[in-house]
2 protein chains.
Amino acid sequence: MGTIQRKERERDQRRKAILASARAAFVKHGIATTTMERIAQEAELAKGTLYLYFRSREELLMGLLADDLAALTASMTTVAESPLAPPEKLASAFRTFYTYSQENQFFYQVMTQTNIGLLLQPNCETSIIADFISVNERLISLVEGIVSEGVAAGYFFLHGPIRTVVAEIIIAMKGSVMILRNNLIPPGWVTEPEQVILHDIVQLIIRGLGRSPSPTQAN
Amino acid sequence: MGTIQRKERERDQRRKAILASARAAFVKHGIATTTMERIAQEAELAKGTLYLYFRSREELLMGLLADDLAALTASMTTVAESPLAPPEKLASAFRTFYTYSQENQFFYQVMTQTNIGLLLQPNCETSIIADFISVNERLISLVEGIVSEGVAAGYFFLHGPIRTVVAEIIIAMKGSVMILRNNLIPPGWVTEPEQVILHDIVQLIIRGLGRSPSPTQAN
DNA sequence: TCGCAAAAATGACCAATGGTCAGGTTTTAT
DNA sequence: ATAAAACCTGACCATTGGTCATTTTTGCGA
């Protein structure tokens, strides 16, 4: 019986070692230009061996992304549990998201160089997709908690079901980060640093949340 | 002298014919899975001939995108010149952007399946990049006109230089469209149609613009 | 009209890369 | 010790963007 456990443990260790090598290679060379051959070399294995552990290059990428999303969720949880007022907590949550992408090179590259939708392919293992969805749900719940708190304390107003409002906030903020990090800003278009732009957008949304959706008048 | 003009005209016609064939192929088969061989077949030319007119696959894509952005700018110009109040005009502008992407299949696919930043590569012809930047500038100016009008009429408040504020609005809205169209919404996350989500986000931003950035109090 | 040079087009070829799989090596169980 | 199972290897395969030697077409001058 001990043999099975050891073998499972060793198999898991090799899988993790391959992921670590892939991460190092992706960070060093960029996602698009890192080949499976190069990852295999970094892992000191044959290329064919990689396919014993991952069904495709996409599945390898998703494995790395799942780890990052888990770490990000932990950071966001800390924010959600802090004693800040809801508007400041919301701003802090999205600052955390941005900072994480800035400090974690692989995550940054996935955000900027990969169409994540294309990674969610039928040849990805189902449990990896489920992990991705699960971690996303936890992020949503965290932001929902902050918004709910803000509504209860009178800082925010809802213009629809809270779930929908939260989704919209996240869409806008994630989208902004993607634009900022996708080189979709024509040169010379803005002179302020990305953090300032992102902060302003968060504040714009927070101000919008802080205003009842009923008024149709100026001022 | 007549021969040179005719040859230039014919060369331009062939270039346009290749672009049309590429568009048809991309729409029919998707961007990622359309090969240059398939485009060549659609154009009834040899594959090598494509490279007499475009330096790379990316340059071909950029050529198509430039046409789309020009058409989109025309639509947005119509909105900017309409007699609507600035908040409604702003909402209409972004609705136009979304509707265009919905109705124009190639544009939709570029938005969802392509990392545009990767298209802006050194092997793209400089004038194509310049066109891309130029069209972007026109879009920015249109939105800037609307915001400026709203400020003058007392609908909107600026939290920074108008150029920056406009950039932030565009970043948030473009980003939202990208998220919505990139299948980055986990299944079952939202039940409302994309248009409703986008409309809500625009309204949230408009409400934020309609509130002076000074208040720090709830209600 | 003909001959030649230039321009345009062709399609076989090349290099690169994700993925496959027959064969080799190592581990396990009896 | 032996056979079977598990693991690993690296040559091979299919695909595709891009190249380039060759072929075809066009334009021009005699």
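The sequence lines fix the lettering, A, B, ..., with proteins before strands; numbering per chain opens at 1.
- A salt bridge is absent between B/Asp67 and B/Lys16; no separation between the charged side-chain nitrogens and carboxylate oxygens falls under 4.0 Å.
- Applying the side chain to side chain donor-acceptor pair (under 3.5 Å) criterion to B/Glu10, with sequence neighbours excluded, gives B/Arg6.
- Side chain of A/Ser82 to backbone of A/Val79: a donor-acceptor contact under 3.5 angstrom is found.
- As rounded to whole Å, 11 Å separates atom C1' of C/dG19 from atom CD of A/Glu58.
- Put simply, A/Tyr53 has no side-chain N or O that comes within less than 4.0 Å of OP1 or OP2 on D/dC7.
- Every residue two or more places apart in sequence or in another chain was checked for a ring pair (Phe, Tyr, Trp, His ring centres under 6.0 Å) with B/Phe94, and none qualifies.
- Every residue was checked against the side chain to side chain donor-acceptor pair (under 3.5 Å) condition with B/His199, not counting sequence neighbours, and none meets it.
- The base of D/dG10 lies outside donor-acceptor range of the side chain of A/Lys47, with no N or O pair under 3.5 Å.
- Atoms CD (B/Gln13) and P (C/dA8) sit 14 Å apart, rounded to a whole Å.
- Put simply, A/Arg14 has no side-chain N or O that comes within less than 4.0 Å of OP1 or OP2 on D/dC7.
- When the nucleotides D/dT9, C/dG18, C/dT10 are ranked by their closest atom to the side chain of A/Thr35, C/dG18 comes out on top.
- In this structure, CG of B/Leu52 is placed 12 Å from C1' of D/dG18, rounded to the nearest angstrom.
- In this structure B/Glu194 satisfies the side chain to side chain donor-acceptor pair (under 3.5 Å) test together with B/Tyr98, sequence neighbours excluded.
- Applying the ring pair (Phe, Tyr, Trp, His ring centres under 6.0 Å) rule to B/Phe156 yields no partners; only residues at least two apart in sequence or on another chain are considered.
- Partners of A/Tyr100 under the ring pair (Phe, Tyr, Trp, His ring centres under 6.0 Å) rule, at least two apart in sequence or in another chain, are A/Phe107.
- Protein atom CZ of A/Arg11 is 14 Å distant from nucleotide atom C1' of D/dA5, rounded to whole Å.
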Table of protein N/O atoms under 3.5 Å from nucleotides 21-30 of chain C N/O atoms:
residue, atom, partner, partner atom, Å
C/dT28, OP1, A/Arg6, NH2, 2.2

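- In this structure, B/Ile31 places its CD1 atom 13 Å from P of D/dG17, rounding to the nearest Å.
- As a whole-Å value, the separation of A/Arg57 CZ from D/dT15 P is 20 Å.
- Sorted by first then second residue, the salt bridge (Lys or Arg N to Asp or Glu O under 4.0 Å) pairs that include residues 89-110 of chain A, not counting sequence neighbours, are A/Glu88-A/Arg95, A/Lys89-A/Glu149.
- Non-hydrogen atoms lying under 4.0 Å from DNA chain C are contributed by A/Met36, all within residues 36-46 of chain A.
- Atoms CZ (A/Phe54) and C1' (C/dT20) sit 18 Å apart, rounded to a whole Å.
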